[in-house]
Amino acid sequence: MKIENPKGTRDFTPTVMRDREYVEKTMSNVLEGFNFEKISTPIFEYSELFELKSGEDIKNRMYTFDDKGGRKLCLRPELTASVARMFSNELRNLPKPLRLYYFGPMFRYEEPQKGRYREFYQLGVELLGVSGVFSDALAIYAACECLKRLGLEFELQINSLGVVRGLLEELGVDDKVSGKLITLLDEGKREGVKEVLDDEIFERLIKISGGKKSLGEAEKVLKGFDKALAALSELRDLAILLDSAGIAYTIDFGIVRGLDYYTGTVFEIRVSGLGAQNQICGGGRYDNLIEVFGGPKTPAVGFAFGFDRVCEALILQSKLKPPEKKVVVVASVSGKSDGYAIKVAGELVRNLSESEFIVDLDVSGRKLKKTLEQASNMGSGWVVIVWEKEEKEKMITLRDMEKNSQKTVT
Ligand code: HAM
């Protein structure tokens, strides 16, 4: 009986996993270099954790179920809410700011297509207990540095939700309509905005996009809207910081993010050529979420990479090149030397574990000639050959595959 994997999920073969491990390790190294520490939270959670603040879109896409005890659970669709919960329950008394990162599968009931899955992976970062654009800039810098370390070319877009929300508030637009507008913008349906809110100033604002000059354009459009202007001034500060830090960006007042908890800076990273699912990273500031889970008022900023999309982008740009491992093959010539072969292989693994070598003990029982052929096919540079006699003498025969020569050594 052939059973397929569920729609929107994938199996990862050893070759694919090698690439993915390399990407994960490279990004983790950057984040750990910036003193972010790894955490892990449950794959399933109480549904209300995400229903409270993650937003309608996520709520509608959640995998929810009742367990045998009648608890309302769901597979996690994202991790910011889980981290906020963990912080409120366990980490609130630690010195701040707290730098955390995570990696793992998330689940959303989506229509699967290239770059969009029902089970997908995120590598995310949360910086908790600090407000202001300095920490926003660090989060953005860390995200960009992860991608640069991998050699990926990308585009960063920044905005402040404070500008957009500030204007809507000052225009007297109610929360429901604002929510609708944010969803439309997040889905890229800018043409539908006019039907929900026919306002010239708002229309003009969300069309502004470009370099630092767009801040001046927005300032003119927002004249008299003091809340929006205050947020704009913060966005200008962020832009100045990013300039000094050497980060290229576009300001786009139509970038709003689909999740409900964002309060200030928001940003997205895109890679061209990926088609419709070209957003490889999204994040922003969320200063009110932790209170929702009973924690003290704690400002925070974070982001998550769509890990699968990062890998796809690297393939697209021919940048996915994990370092090759060198294989040492261990061959036992007769059945009587098999135990010794295991011991020798074990000793090699113990001694070579920190280097780029891996040990392949041939347990097939095939003839030595075949093992050597196999080793050559694997691109192995060295074969360790053991005989019964060598066990007694505590020796091995080391064959240099390139020179086609061998010698017996201790
Ligand atoms: P998000 O924008 O919903 O944000 O997801 C972050 C990234 O995950 C997206 O930019 C995208 O690359 C990827 N992604 C989302 N859905 C899918 C899918 N169905 N298949 C493949 N990739 C997908 C968040 O989840 C926030 N928690 C990010 C954050 C952290 N904000 C602050 N801290």
Asks: Is a donor from one side chain sitting under 3.5 angstrom from an acceptor on the other, for Ser160 and Arg285?
Replies: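 Side chains of Ser160 and Arg285: no pair found under 3.5 Å.
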Asks: Run Arg116 and Arg108 through side-chain contact (heavy atoms from CB on, under 4.5 Å) and show every step you take.
Replies: CA-CA 9 Å; Arg116 168 168 283 187; Arg108 293 183 196 174; over 6 Å; no
Asks: Show me the pairs that pass side-chain hydrogen bond (donor to acceptor under 3.5 Å, both in side chains) and involve residues 73-86, at least two apart or across chains.
Replies: Glu45-Ser82, Glu45-Arg85, Ser54-Glu78, Glu78-Thr80, Glu78-Tyr261, Thr80-Glu126, Thr80-Tyr261
Asks: List the residues meeting side-chain hydrogen bond (donor to acceptor under 3.5 Å, both in side chains) with Glu111, not counting sequence neighbours, and say none if there are none.
Replies: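 Once residues adjacent in sequence are excluded, the partners of Glu111 under the side-chain hydrogen bond (donor to acceptor under 3.5 Å, both in side chains) criterion are Lys7.
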Asks: Of all heavy-atom pairs between Arg99 and Leu127, which one has the smallest distance, and what is that distance?
Replies: CG-CD1, 3.5 Å
Asks: Passes side-chain contact (heavy atoms from CB on, under 4.5 Å), Asn404 versus Arg399? Steps please.
Replies: CA-CA 7 Å; Asn404 245 335; Arg399 186 176 178 84; 2.8 Å; yes
Asks: Using every non-hydrogen atom in the two residues, find where Gly294 and Arg92 come nearest and quote the distance to one decimal.
Replies: O-NH1, 3.6 Å
Asks: Under a 3.5 Å threshold, yes or no: a donor from one side chain and an acceptor from the other, between Tyr262 and Arg257?
Replies: yes
Asks: If you count the non-hydrogen atoms of other residues, nucleotides and ligands that lie under 6.0 Å from NZ in Lys297, is the total more than 12?
Replies: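 Check passes, neighbour count above 12.
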Asks: What are the two closest heavy atoms between Leu316 and Ser272, and how far apart are they?
Replies: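 Heavy-atom minimum between the residues: CD2-O, 3.7 Å.
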Asks: Is the closest side-chain heavy-atom distance between Glu195 and Leu184 below 4.5 Å?
Replies: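 They are not in side-chain contact.
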Asks: Of all heavy-atom pairs between Tyr117 and Phe120, which one has the smallest distance, and what is that distance?
Replies: O-CD2, 3.7 Å
Asks: Does the side chain of Val221 come within less than 4.5 Å of Ile208's, by heavy atoms?
Replies: yes
Asks: Please round to the nearest 0.5 Å and tell me the distance separating atom CG of Leu52 and atom CG of Asp260.
Replies: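 If I round to the nearest 0.5 Å, the distance is 11.0 Å.
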Asks: If I compare all heavy atoms of Ala375 with all of Met401, which pair ends up nearest, and what's the gap?
Replies: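 Scanning both residues completely, I find the closest heavy atoms to be CB-CE, 4.1 Å.
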Asks: More than 12 non-hydrogen atoms from neighbouring residues, nucleotides or ligands closer than 6.0 Å to CZ on Phe12, yes or no?
Replies: yes
Asks: Is Arg190 paired with Asp252 through a side-chain N to carboxylate O contact shorter than 4.0 Å?
Replies: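 Answer for the salt bridge query: yes.
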Asks: Counting neighbours of NZ on Lys96 that are heavy atoms of other residues, nucleotides or ligands and sit closer than 6.0 Å, is the number greater than 12?
Replies: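 More than 12 within 6.0 Å, yes.
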Asks: Please check if atom NZ in Lys194 has more than 12 non-hydrogen atoms from other residues, nucleotides or ligands closer than 6.0 Å.
Replies: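 Count not over threshold, so no.
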Asks: For Lys38, does the NZ atom have more than 12 heavy-atom neighbours from other residues, nucleotides or ligands under 6.0 Å away?
Replies: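 Buried by this count: over 12 neighbours within 6.0 Å.
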Asks: I'd like to check Asp67 versus Phe44 (side-chain heavy atoms, cut-off strictly below 4.5 Å). Are they in contact?
Replies: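 Side chain of Asp67 against side chain of Phe44, heavy atoms only: no contact under 4.5 Å found.
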